[in-house]
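Working notes, structure below.
As the structure lists them, so they are numbered: ligands from 1, and atoms in each ligand from 1. Every value quoted in this text rests on a predicted model; they were computed, and no experiment measured them.
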Amino acid sequence: MLEVTLCGTKLRNPLVLASGIRGNSAGLLIRAGKEGAGAATSKSCSLLAREGHANPTMIDTQGVYMNAIGLSNPGVDDEIYEIREAVAKAGIPIIASIYAKEARDFAAVAARISEAKPAMLEVDISCPNVHREGAMFSSYPKDAADVCLAVRDATSIPFSAKLSPDVPNIGEIARACVASGASCITAINTIGGMYIDAHARRAVLANSFGGISGPAIKPVALKSVHLIRKAIGPGVPIIGTGGISTGMDAIEMLMAGATCVGVGTAVATRKESAPFAAIAKEMEAFMKKEGIKKISDLKLQE
Ligand SMILES: Cc1cc2nc3c(=O)[nH]c(=O)nc-3n(C[C@H](O)[C@H](O)[C@H](O)COP(=O)(O)O)c2cc1C
């Protein structure tokens, strides 16, 4: 009932572990398979190892989650072993997320990580671009396209471009990515924010700013996915991500136009030992009650 196909790969259900939630290690991606995920995305890895930001890096308050981990990762030469092991043992498709500050480094990381043969790559272009003083690659259609063209030429593995909603026209950015070789779009990444501790008179996160995730961003994610679907048409898959915590959230995301559903923060906040299986069960219960037989029948009324 829940099977879907994502870029030519069959998934038992549309629930995809979102990047960063479980880190870079093979063991944690393998665990997502045991917890019922349809596919698992690794934390973004860069050409060289990165330490990430100082603590505190996470806030969980008033239903809002905000992080500034700073893309800590072991670098692609180590990550390749983790992805290889996950591909061999997870029993679900593995999506290797990559990140860089220049288009040519994206190409280098893509070429190297492809040696581990993940089912897909996810290209995190919602991170700062060194040539634009901190703006994201996904802020401008040309920058987003430049990265996609570089990755397209570096690998034969299908890749998804991961977008930020912090842009005036997300549909235009998605179109530029697809025209430049992306086989899929992942949306959304976290939304930039800030918390202040008035007693301490300072920002709560050591990095001052962080990315908001969890239920607070679901409406933004639904809107973004809907706009992207309108912009790119029906043929290109979308991994709709952002604030998905329950089966009903996942159904709504599919109705907005997503092909698969990324689950991030909820993996840490749901109480079950197998959060993906629990969400899948809730989806099935809704579909049975409504007489809906397959995922592709989940659509908004015209
Ligand atoms: C702790 C944490 C780390 C993350 N790290 C990454 C990352 O390395 N690369 C990436 O593309 N997205 C990263 N994200 C963003 C998530 O993949 C996802 O897009 C976002 O959290 C929204 O989904 P959610 O509301 O289900 O968490 C991270 C999110 C969190 C909470």
Quick check against the 3.5 Å criterion: does Asn13 have a side-chain atom that pairs as donor or acceptor with the backbone of Leu2? no
Checking Asn67 against Ser213: is there a side-chain donor and acceptor pair closer than 3.5 Å? no
Checking side-chain contact (heavy atoms from CB on, under 4.5 Å) between Ile251 and each of Ile244, Leu298, Val261, Ile295, which is the one that passes? Leu298
Strictly distance-based, threshold 3.5 Å: is any side-chain N or O of Asp166 a donor or acceptor partner for the main-chain N or O of Ser164? no
Ligand 1: which protein N/O atoms lie under 3.5 Å from its N/O atoms?
unit_1: ligand 1; atom_1: 5 (N); unit_2: Lys43; atom_2: NZ; d: 3.1
unit_1: ligand 1; atom_1: 8 (O); unit_2: Lys43; atom_2: NZ; d: 3.0
unit_1: ligand 1; atom_1: 8 (O); unit_2: Ser44; atom_2: N; d: 3.3
unit_1: ligand 1; atom_1: 8 (O); unit_2: Ser44; atom_2: OG; d: 3.3
unit_1: ligand 1; atom_1: 9 (N); unit_2: Ser19; atom_2: OG; d: 3.1
unit_1: ligand 1; atom_1: 9 (N); unit_2: Ser44; atom_2: OG; d: 2.6
unit_1: ligand 1; atom_1: 11 (O); unit_2: Asp124; atom_2: OD2; d: 3.3
unit_1: ligand 1; atom_1: 11 (O); unit_2: Lys162; atom_2: NZ; d: 3.3
unit_1: ligand 1; atom_1: 12 (N); unit_2: Lys162; atom_2: NZ; d: 3.1
unit_1: ligand 1; atom_1: 14 (N); unit_2: Ser19; atom_2: O; d: 3.2
unit_1: ligand 1; atom_1: 17 (O); unit_2: Ser19; atom_2: N; d: 3.4
unit_1: ligand 1; atom_1: 17 (O); unit_2: Ser19; atom_2: O; d: 2.7
unit_1: ligand 1; atom_1: 17 (O); unit_2: Lys162; atom_2: NZ; d: 2.7
unit_1: ligand 1; atom_1: 19 (O); unit_2: Lys162; atom_2: NZ; d: 2.9
unit_1: ligand 1; atom_1: 19 (O); unit_2: Ile188; atom_2: O; d: 2.9
unit_1: ligand 1; atom_1: 25 (O); unit_2: Gly214; atom_2: N; d: 2.8
unit_1: ligand 1; atom_1: 25 (O); unit_2: Gly243; atom_2: N; d: 2.7
unit_1: ligand 1; atom_1: 26 (O); unit_2: Gly264; atom_2: N; d: 2.9
unit_1: ligand 1; atom_1: 26 (O); unit_2: Thr265; atom_2: N; d: 3.4
unit_1: ligand 1; atom_1: 27 (O); unit_2: Thr265; atom_2: N; d: 2.8
unit_1: ligand 1; atom_1: 27 (O); unit_2: Thr265; atom_2: OG1; d: 2.6

Going by ring pair (Phe, Tyr, Trp, His ring centres under 6.0 Å), name the residues that satisfy it together with Phe106, two or more places apart in sequence or in a different chain. Phe137
Asn189 (side chain) donor-acceptor with Asp124 (main chain) under 3.5 angstrom: no
